[in-house]
Amino acid sequence: AALVLSSAFFDSGYGAEFWALAERVASLRLVVCAPTERWFSEAAVHAVIAVFDAKPSRAPVRFAQLSCPTTEAAAHLAAGGALADVATERVAARSEPETWAAALRASDAWLAFRAEASEVLVPLGELAAVRRGITSGANEIFYLSREQIAKWNIDSKFLTPLLTARGRAGQGAIAVSRDELEQFALVVPKDTSLAEHPDLDRYLKSFPGAETRGTLRNRRPWWALRARPGHVFLCKAYGERFVQPYSATPMVADQRMYSLELCGGALELGRGALELGEQARIAPSLLAALLNATPTALALESLGRASMGQGALEWTVGDVANLPVIDIRKHPNLGAIAAAFQALAKRPSGNVAAEAAQTDRQALDEALLAPWPALAAMRDALSSALVLACAERYARAKSGLR
């Protein structure tokens, strides 16, 4: 049997259950995708062809990425040609469906890097706790502009800078300052006496019936928004930019971003400690440097959920915790990373094609990979692969089979 399925079956929790069920009655033998085409231009998702056999099998599953237009591939196969002539093939263990998405979509450069760097890669969750950004339940109440703050005379101790998803290519630097933000989150401790803060009380009373809203009525009290400020953030969705914000002052992020908090005691410094003047743990800025380096961006591009036809790439909080990153605890020269990141973080960041040619971007990647010569030799290949993969993702979103 050959089935046309949404590629989301390789990204989702329900997909894992589907494959387990399918293996009880058949064997998945082959999966075919077209990296640069949308087979159903009117659909919001991408599709794959999954070929099953009723006979049980322990052989690896084959994955084929068409290297020519689908119509040409079909004609070639119909004439008796081999699939290998019109597609790039890979295999993945039948018992490890969690690796199938990478086999289906990841670039050769990423797979080669992951194999070479296996001893220095760790899940991001080992370095930092990943938390969802805040969901206020009523943005018009809890997200205030500077004009609203002045109008209602809200005490600054109840306001925390609010970081939202960044703009398009060429807009925004990695380093974010309080002064450039347009909104603040209203974060009021639940034990606050509103009677002692009449301006705040007056503001909250300007929203009659708020406590009965479905998104707020289970909060006690309804105006006590829970939020944990942070310094390092990772975006939930990606277009053509991979920019992970960093702030020297604490901020909160909205639900389109994730906040990362270094695991307590987990990041003890090695030989790079004295160069940074740190006493116990790696600074948040070093975590931000790691997240903004090209190897991390390529991992996000290669392993992200790319099933949507509009070209968006998304990551869940669980996926982010499993994101493979270089273990900077093993890096002997953290000072070099810090210096390179400081130069890069201040300027506006462009899309991946523009960033590939920037010397400060190259300097960060060189500083990160320098201790491992085999990995350092892959720097240019990683950068080129990121640019190509991003371009193919967008080209596929804009295409349709004619």
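None of the values given here were measured: they were computed from a predicted structure. We use all heavy atoms of the structure for the numbers below, so side chains are in, but hydrogens, waters and symmetry mates are not.
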So which atom in [X] and which in [Y] form the shortest heavy-atom distance, rounded to 0.1 Å?
{"X": "L77", "Y": "A82", "result": "CD2-C, 3.7 Å"}
{"X": "V176", "Y": "E180", "result": "CA-OE1, 3.8 Å"}
{"X": "R146", "Y": "D179", "result": "NH2-O, 3.3 Å"}
{"X": "L260", "Y": "A128", "result": "CB-CB, 4.2 Å"}
{"X": "C33", "Y": "V48", "result": "CB-CG1, 4.0 Å"}
{"X": "I337", "Y": "A289", "result": "CG2-CB, 3.7 Å"}

Within a strict 4.5 Å, meaning less than it, do heavy atoms of the [X] and [Y] side chains meet?
{"X": "H46", "Y": "R38", "result": "yes"}
{"X": "C390", "Y": "E301", "result": "yes"}
{"X": "D319", "Y": "R305", "result": "yes"}
{"X": "L200", "Y": "L186", "result": "yes"}
{"X": "L234", "Y": "M257", "result": "no"}
{"X": "E72", "Y": "V86", "result": "no"}
{"X": "L313", "Y": "R393", "result": "yes"}
{"X": "L369", "Y": "F113", "result": "yes"}

Using ring pair (Phe, Tyr, Trp, His ring centres under 6.0 Å) as the criterion, list what pairs up with F233, not counting sequence neighbours.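 With neighbours one apart ignored, the set is empty.
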When you look at E261 and R131, which way does the salt bridge (Lys or Arg N to Asp or Glu O under 4.0 Å) test go after all the steps? CA-CA 8 Å; E261 183 176 331; R131 297 187 174 88; 2.8 Å; yes
Does [X] have more than 12 heavy atoms from other residues, nucleotides or ligands lying within 6.0 Å of its [atom1]?
{"X": "E182", "atom1": "CD", "answer": "no"}
{"X": "Q342", "atom1": "CD", "answer": "no"}
{"X": "R217", "atom1": "CZ", "answer": "no"}
{"X": "E119", "atom1": "CD", "answer": "no"}

Given R379 and E366, is the side-chain contact (heavy atoms from CB on, under 4.5 Å) satisfied, shown in steps? CA-CA 7 Å; R379 182 182 64 81; E366 289 174 357; 3.4 Å; yes
Just by distance, do the side chain of [X] and the backbone of [Y] share a donor-acceptor pair under 3.5 Å?
{"X": "Q362", "Y": "A356", "answer": "yes"}
{"X": "H76", "Y": "D85", "answer": "no"}
{"X": "R132", "Y": "S259", "answer": "no"}
{"X": "N292", "Y": "Q244", "answer": "yes"}
{"X": "S384", "Y": "A381", "answer": "no"}
{"X": "R94", "Y": "A59", "answer": "yes"}
{"X": "H231", "Y": "A248", "answer": "yes"}
{"X": "E355", "Y": "G350", "answer": "yes"}
{"X": "S383", "Y": "D380", "answer": "no"}
{"X": "S27", "Y": "S57", "answer": "yes"}

Please determine, by modelled atom types, if T294 and D365 share a side-chain donor-acceptor pair under 3.5 angstrom.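 A pair is found: one side chain offers a donor N or O, the other an acceptor, under 3.5 Å apart.
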Check against ring pair (Phe, Tyr, Trp, His ring centres under 6.0 Å), W19 and F10: CA-CA 9 Å; W19 298 122; F10 294 93; 5.1 Å; yes
Might you work through the side-chain contact (heavy atoms from CB on, under 4.5 Å) test for R220 and K190, ending with a clear yes or no? CA-CA 7 Å; R220 297 288 185 273; K190 64 179 181 180; over 6 Å; no
Applying side-chain contact (heavy atoms from CB on, under 4.5 Å), run through L303 and W315 and close with a yes or a no. CA-CA 9 Å; L303 306 177; W315 279 74; 3.8 Å; yes
Check against salt bridge (Lys or Arg N to Asp or Glu O under 4.0 Å), D254 and R256: CA-CA 6 Å; D254 75 355; R256 295 300 297 171; over 6 Å; no
Could you check whether R329 pairs with D327 (Lys NZ or Arg NE/NH1/NH2 to Asp/Glu carboxylate O, under 4.0 Å)?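 A salt bridge links R329 with D327.
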Rounded distance (nearest 0.5 Å) linking atom [atom1] of [X] with atom [atom2] of [Y]:
{"X": "L121", "Y": "K330", "atom1": "CG", "atom2": "NZ", "answer": "9.0 Å"}
{"X": "D199", "Y": "L204", "atom1": "CG", "atom2": "CG", "answer": "11.0 Å"}
{"X": "L162", "Y": "N139", "atom1": "CG", "atom2": "CG", "answer": "8.5 Å"}
{"X": "L386", "Y": "N351", "atom1": "CG", "atom2": "CG", "answer": "10.0 Å"}
{"X": "W223", "Y": "K205", "atom1": "CH2", "atom2": "NZ", "answer": "12.0 Å"}
{"X": "L291", "Y": "F242", "atom1": "CG", "atom2": "CZ", "answer": "13.0 Å"}

Using the rule given for side chain to side chain donor-acceptor pair (under 3.5 Å), can you reason through T135 versus Q255, listing the C-alpha separation, both sets of side-chain angles and the distance that settles it, and then say yes or no? CA-CA 6 Å; T135 300; Q255 57 88 24; 5.2 Å; no
For the ring pair (Phe, Tyr, Trp, His ring centres under 6.0 Å) test, which of W152, F142, F158 pairs with Y203?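 The option that passes is W152.
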Check the pair E392 / R105 against salt bridge (Lys or Arg N to Asp or Glu O under 4.0 Å), numbers first and verdict last. CA-CA 11 Å; E392 287 183 344; R105 291 194 298 266; over 6 Å; no
L300 and L323: CA distance, side-chain angles, deciding distance, side-chain contact (heavy atoms from CB on, under 4.5 Å) verdict: CA-CA 7 Å; L300 289 166; L323 174 68; 3.9 Å; yes
Given the side-chain rings of Y14 and F9, with only the six-membered ring counted for Trp, is the space between their centroids under 6.0 Å?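 Y14 vs F9: aromatic centres under 6.0 Å.
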